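Note that the coordinates shown come from a computational prediction; the quantities given were computed from them, not determined experimentally. Letters A, B, ... mirror the listed sequences (proteins, then strands); counts begin at 1.
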Amino acid sequence: MSMNLEREKATLPLSESADAKSPILPKILLGITIVLILTAIYLTFMYADIEKTMGVVQKIFYFHVGSAATAFTAFFVTFIFSILYLVKRKRIFDTYASVSAEIGLIFTTLVLTTGPIWAKSAWNTWWVWEPRLTTTLILWFIYMAYMMIRQMDGVWDKKARLCAVFGIIGFTDVPIVFFAIRWWQTKFHPIVFGNGVSQKGGGIADNMLVALIVSIFALLSLYTYLLNRGVEFENMKIKVDQYKEKLREDLEN
Amino acid sequence: MIEIKKLTKQADNKLILRGIDLSIEKGETVAILGPNGAGKSTLLKVLATLIKPSSGLVKINGLDLKKNHLEIKKLFGYLPHSSLLYDHYSPLENLVFFGKLYGVTNAEERAIELVKEVGLSFFLNEPVKNFSRGMIQRIAIARSIVHEPELLLLDEPHTGLDQGAISILNNVILSMKAKGTTTLMVTHDFKQAAEICDRIIIIKNGKLVDDFKLEDRALNLVSEKYQLQVEGVS
Amino acid sequence: MIEIKKLTKQADNKLILRGIDLSIEKGETVAILGPNGAGKSTLLKVLATLIKPSSGLVKINGLDLKKNHLEIKKLFGYLPHSSLLYDHYSPLENLVFFGKLYGVTNAEERAIELVKEVGLSFFLNEPVKNFSRGMIQRIAIARSIVHEPELLLLDEPHTGLDQGAISILNNVILSMKAKGTTTLMVTHDFKQAAEICDRIIIIKNGKLVDDFKLEDRALNLVSEKYQLQVEGVS
Amino acid sequence: MIKTAFLLAKKDLYSELKTKQVLTTMIIFAGLVILVFSFAFDPANNTTKAVIPGVIWVIVVFSGILGLNRSFLSEQRNDTMQGLLIAPMDASSIYLGKFLANFTMMLVVELVSIPFLFLLFDFKIIGSIPYFILIMFIGSFGFISIGTFLAALAANSKSSEMLLPLLLFPVTSPILIGVVQATRIILTNMEKFSSALAWIQLVSAYDVIFFVLCFLLIEYVLEV
Amino acid sequence: MIKTAFLLAKKDLYSELKTKQVLTTMIIFAGLVILVFSFAFDPANNTTKAVIPGVIWVIVVFSGILGLNRSFLSEQRNDTMQGLLIAPMDASSIYLGKFLANFTMMLVVELVSIPFLFLLFDFKIIGSIPYFILIMFIGSFGFISIGTFLAALAANSKSSEMLLPLLLFPVTSPILIGVVQATRIILTNMEKFSSALAWIQLVSAYDVIFFVLCFLLIEYVLEV
Ligand code: HEM
Ligand SMILES: Nc1ncnc2c1ncn2[C@@H]1O[C@H](COP(=O)(O)OP(=O)(O)OP(=O)(O)O)[C@@H](O)[C@H]1O
Ligand SMILES: Nc1ncnc2c1ncn2[C@@H]1O[C@H](COP(=O)(O)OP(=O)(O)OP(=O)(O)O)[C@@H](O)[C@H]1O
Ligand SMILES: [Mg+2]
Ligand SMILES: [Mg+2]
């Protein structure tokens, strides 16, 4: 008499690791990132002029704008990989989308912390409700919601599918954040590039521009590095789960 | 053990139970048969204090159902159609929780033992929500006997169980019977009824139409009487 | 009618179906047996397009399950564990709604006829939510055949039915078989399986372990083979 | 496809007609929100008139969420959603049907509660009523179309009634910002009419984009 | 009785600890309410600073409702509520257990969201913080104790998540009015402190009365 339900469900054949590429890539990325960040720090604090009205606090600008640009890029990557996932249904695309969204969320959080710090000194308040700031906050909430969908219970492919859908829907806010200061009249948040409704793009000194661009690239390469590591880590976790399942079944039989 | 007098239950204007008189001795194993919609589950729910009778008297172990709620609730184990399990909890967590609720002293051990008994020890720590129908039914059975009740109220306990689990369940009922437990079991499966029960009750249209003792697992007798009462008349 | 090749289904890291090959001819009545948690319901869900297989090929009537959703959905009737009925609607309203959804032309008549067939005409206009388990199962059966499907996928259809309803159900299946309907039926009740099926499949641990034709309602053969496969090995 | 969608919408609306539960709840809820606000802002005070456009949309949002939640939650009992999924129709039919039912109910709620609000706050419309109706229409359209989609998405979760607002508020906030601004202008300050028109266009564009997007993506949401 | 109540509360909180769903949702929802209010009512306007005490309680009310709903809705799957009802304990144990779980979660949500609110609306507290905490405590206590009771009552309905707000708002409005007044005074205008004290006493009295009442009546609500 079988008194016990058997439990000999085989595990899947462990998928070949995706990192057939040489492990040199992350090291190179790390190198580039470190160099760029050091340069950016140098440029920010030594090379670029100190802004006349705001003083040293303005240095936060490079980090602020760089984080925002990185966050936008990250969400765009999520957007692209979400579409790819829906079409191709490969787990790797989902991993990329989710890791990228997570990093994007971190950078948005950075924008949302550096912003108020700057605002405290520039506008003498932590926060005002104006389009750029509001839409940025909305952006943060959207990707928080994305994370909540990920937290849902259920098998991974269901979550991946729903997240991909939401990743596509949610991305629409990114252009809105970008254009917020250009469409609406803003009393507070400055525009540097392009023209807004009520004000002209201010433009900045050349040496500031150089520092800004380098900062942006530094943060972007940091993002790439983090993405690479994050995806690696996720893959590892998936693999460990598979091993664990297999091990447990070996023990049981 | 159970004493039912003139029990009626009406929902809105419909009489579901129409005057049931029944008395069951300690240690009996009683099967309740009857066609769909006869009122079998309703009767069990009344005994499990989940439905208030409209009129009539119900005494369990000499305690009045209306007054001695708490004492009675400790006495019985109830297995309804739904599993009464928390979906996101594992079998172990579920059983430990219910064990503690009933004041079982060594809840953890008892839970592990029960899960083993119903043959799911491999699934001890997996959330119940992914289980198949039969696996859920097994845990639900374990839940209903976690506090070693003196009275078992089982509503179609064999649903969804495979052959192995059916014999496990029958063994459990029989071994509890040996310890003096009384069992009331609603079922449509004459074979199982004949196998473990020593008394059969047939309910039809909210009334008790037959009540007889059974010996030697006389499956034929059951079918015969059922046919006579339920199909012969209609 | 059905062509399954190397079908696997995995939920997270767990393989539930592990490579099933099966081909079923039009007009066959196939019983799927197996212990709890074997993967029977999962297999049926895959066929009912409710679960996507992880790999493998499934063809119904020559149509690929992945591509020809709509055509396939018209073909089959599916009866799962839950009733798929709207609680606050009456049997009539439920059946008419589903009839129309499937494009049945005279949905109303068909619904009334079906309710009568499952023996619930007295309850035609009462909301389903107050029904007993067996009564709900009867309506659920009616729902699954409202569009006269060519393929019936039944998951433990006999649960909760009384003797009368069981023979109604068996008659329905047999009369549909006479019209050329293919039936796949998951069940734990060997007697019913032997009674109406002409082929038995045994699934264990997500794999097909036995597959044989049945003649003359040979109940013994079924029990024997089942025991051999399921209990003998372990 | 349209026919199936109507059949589904009819089913929902018919069961609503029978029980009147969702609708009554939504309307009473709207009434309660109005009451709460009338406590919070003294309606006699003239400056508080400025909050009316905001209150209107708070009502739409919060009572809308109640209805949207119900819409897919009600398909969970007895797994009737599975019944719809195995029926021979496209996922977009389900979406369209649910959308129609929800939109109808939303409009009814607005029709009842907004006059009530105006009455209670003794508000005299000095702007254009047809434009006001237009704004209500496009605003509700956008909110409900996105809401129906996200309700379908959230329904996959165990605690969907909690997840829905989290998904819905951020995604619809551009619409809400737009319509609040437009409503404010239309109701109180017709001089800036051109700016209101710009808002209306913006919201309409957002509506259209999202409706199409939802229509295309719903297939992936309802896939099993 | 207390032991069983703790057991029940532990079960709820433990399953919350595992998934962290309800809590995160409540907190994010609180943030979103802030957001919705920010674009419904222009916060730059200085007069709207006066609504902050109101907004605090709106957050408590709305995110509280989410948690309260969950609390009994989660017992509906597989009829686990029946499992509790046939267990040998008083109905009041169930009430107490659920109350403890809900109250704990509510406090956590407040602890996170209120500092946030102050930050976002750039609000400077000029009053007494200990008293503010006291008010938050008694207000939440009353709201959750009545809310738990009414959630149990609403859970009997098919669409309980809609019914709850309808029952809850009217019954708790005395508490809400009281605490909003008290909060306003404490936060902005300490001169009228004695009046705030009066409000606090009133609300406390209401709390006690209702807690006892709920405790006694719950038996009839949970009776089957
Ligand atoms: C308080 C919260 C704040 C938030 C959430 C915020 C958000 C953002 C975001 C998302 C961007 C990138 C958009 C883009 O690349 O166009 C940005 C850019 C920028 N921010 Fe902020 N910001 C905040 C505060 C401030 C403050 C206080 C200042 C200076 C007074 C400031 C100055 C700038 C400038 C100059 C840019 C570049 C603008 C451009 O690209 O044209 N921000 N901000
Ligand atoms: N709340 C109610 N309102 C109206 N009728 C009800 C209610 N509850 C049950 N009924 C009716 O009472 C009858 C008996 O139901 P019950 O569930 O006891 O049947 P049963 O004997 O268990 O049947 P089955 O064998 O199908 O499980 C049914 O006809 C049912 O419709
Ligand atoms: N989403 C899921 N995640 C993990 N495991 C799952 C999931 N769904 C099903 N399973 C597992 O798959 C196995 C097969 O389930 P299935 O419902 O197909 O069994 P069954 O053969 O129908 O059993 P029964 O006879 O008890 O109904 C079970 O062990 C179950 O735990
Ligand atoms: Mg029954
Ligand atoms: Mg099954």
Side-chain angles (χ1 to χ4, degrees), chain B residues 11-12 14 16 33-45 80-82 118-120 122-123 126 129-139 155-156 158-168 186-192 202-204 206 219 222-223 226-227 229-231 234, chain C residues 11-12 14 16 33-43 45 80-82 118-120 122-123 126-127 129-139 155-156 158-168 186-192 202-204 206 219 222-223 226-227 229-231 234:
Chain B
D12 292 329
K14 205 160 119 197
I16 302 176
L33 307 180
N36 290 146
K40 307 179 294 296
S41 302
T42 309
L43 176 61
L44 236 55
K45 275 186 198 155
H81 294 322
S82 16
V118 297
L120 287 175
F122 287 145
F123 297 87
E126 282 188 42
K129 65 164 175 276
N130 289 334
F131 281 16
S132 80
R133 183 186 215 169
M135 287 153 76
I136 288 174
Q137 182 74 0
R138 290 173 182 217
I139 303 293
D155 203 344
E156 306 186 28
H158 297 95
T159 359
L161 297 182
D162 63 14
Q163 304 300 313
I166 286 179
S167 58
I168 293 175
V186 170
T187 187
H188 292 293
D189 192 336
F190 296 171
K191 190 162 152 257
Q192 308 307 334
I202 299 181
I203 290 185
K204 195 183 148 190
L219 180 53
V222 179
S223 314
Y226 183 87
Q227 230 121 52
Q229 288 297 345
V230 176
E231 283 152 29
S234 71
Chain C
D12 286 329
K14 204 159 118 194
I16 302 176
L33 308 180
N36 290 145
K40 306 179 295 295
S41 302
T42 309
L43 176 62
K45 276 187 196 153
H81 295 320
S82 21
V118 296
L120 287 176
F122 285 148
F123 297 87
E126 280 187 45
K129 66 164 172 279
N130 289 334
F131 282 16
S132 81
R133 183 185 216 171
M135 288 154 76
I136 288 175
Q137 183 74 358
R138 289 172 185 219
I139 304 291
D155 203 344
E156 305 186 29
H158 297 95
T159 6
L161 297 181
D162 63 14
Q163 303 301 313
I166 286 179
S167 58
I168 293 177
V186 170
T187 187
H188 291 294
D189 191 337
F190 295 170
K191 190 163 153 257
Q192 309 307 334
I202 298 180
I203 290 185
K204 193 183 147 190
L219 180 53
V222 179
S223 314
Y226 182 88
Q227 229 121 54
Q229 288 298 345
V230 176
E231 283 151 30
S234 72

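Tested against C:T159, the residues B:H158, B:H81, B:R133 include a single side chain to side chain contact (heavy atoms under 4.5 Å, CB included) partner, B:R133.
Note on B:I166, B:L161, B:N130: by heavy-atom pairs under 4.5 Å with chain C, the leading option is B:L161. For the options B:G160, B:G34, B:P35, B:S223, heavy-atom pairs under 4.5 Å to chain C are most numerous at B:G160.
Here the shortest heavy-atom pairing between B:G37 and C:S132 reads N-OG, 3.2 Å. When all heavy atoms of B:R138 and C:N36 are compared, the closest pair comes out as NE-OD1, 3.1 Å.
Contact of C:F123 with chain B is made through the side chain alone, with heavy-atom distances under 4.5 Å.
Between atom CD of residue B:E126 and atom NZ of residue C:K14 there is a gap of 4.5 Å, rounded to the nearest 0.5 Å. In this structure, B:K204 NZ and C:D162 CG are separated by 11.5 Å, a value rounded to the nearest 0.5 Å.
Summarising the local packing, NZ of B:K129 is surrounded by more than 12 heavy atoms from other residues, nucleotides or ligands at distances under 6.0 Å.
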